[in-house]
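See structure below.
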Amino acid sequence: CNHTALGMHYVPGVPDGGEMPKPIQFLRGQVDGYRKLVVEREPGTRFQYSGGGFVVLEHICELMFPRDLGERLSVFLRSLDAADVGFGRAVAPQSADGYYDDTRRVPCRGGLAFPS
């Protein structure tokens, strides 16, 4: 299984601290480390994970709802009493480490930011 249904298995993130690019910029390959997202398989023929699919979903949500997606999801999560879940850039002390496909740990917590 090569995980390339939409051509983006791993969402590599961007350096933290700057402004987060819009989802459409990731999809168009306008962000360093990202290539343009393309459909590499006939839809519905075979399931394969694609991190890029979540960026597509975020873009669709932004088009459908004018308010920030992270803000909308935070309101929903608070209604479920899930106070420890969020979409901000602050790193909680109990947060999990990330790992690359080759099992290397993603360097320094808070060093990378990801689309919602």
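For clarity, every value in this text was computed on a predicted model and none was experimentally measured.
- Leu57 and Val31 sit in two unconnected hydrophobic clusters of ILVMFWY residues. Membership requires side-chain heavy atoms under 4.5 Å apart, directly or through other members.
- With Tyr34 contributing its side chain and Gln25 its backbone, the two residues share no donor-acceptor pair below 3.5 Å.
- Between atom CD of residue Glu58 and atom CD1 of residue Ile24 there is a gap of 11.0 Å, rounded to the nearest 0.5 Å.
- Under a hydrophobic-cluster definition in which Ile, Leu, Val, Met, Phe, Trp and Tyr are linked whenever side-chain heavy atoms come within less than 4.5 Å, directly or via other members, Val55 and Met64 are assigned to the same cluster.
- Taken together through direct or relayed side-chain contacts under 4.5 Å among Ile, Leu, Val, Met, Phe, Trp and Tyr, Ile60 and Leu27 form part of one hydrophobic cluster.
- No side-chain heavy atom of His59 sits less than 4.5 Å from a side-chain heavy atom of Lys22.
- Between Glu62 and Pro23, some side-chain heavy-atom pair lies under the 4.5 Å cut-off.
- For Phe26 against Met20, the heavy-atom pair with the smallest separation is CZ-SD, 3.8 Å.
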- Take Val56 and Leu37 through the test side chain to side chain contact (heavy atoms under 4.5 Å, CB included) and record every step on the way to the result. CA-CA 9 Å; Val56 171; Leu37 186 69; 3.5 Å; yes
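- In this structure, Gly33 and Pro12 approach most closely via the heavy-atom pair O-CG, 3.8 Å.
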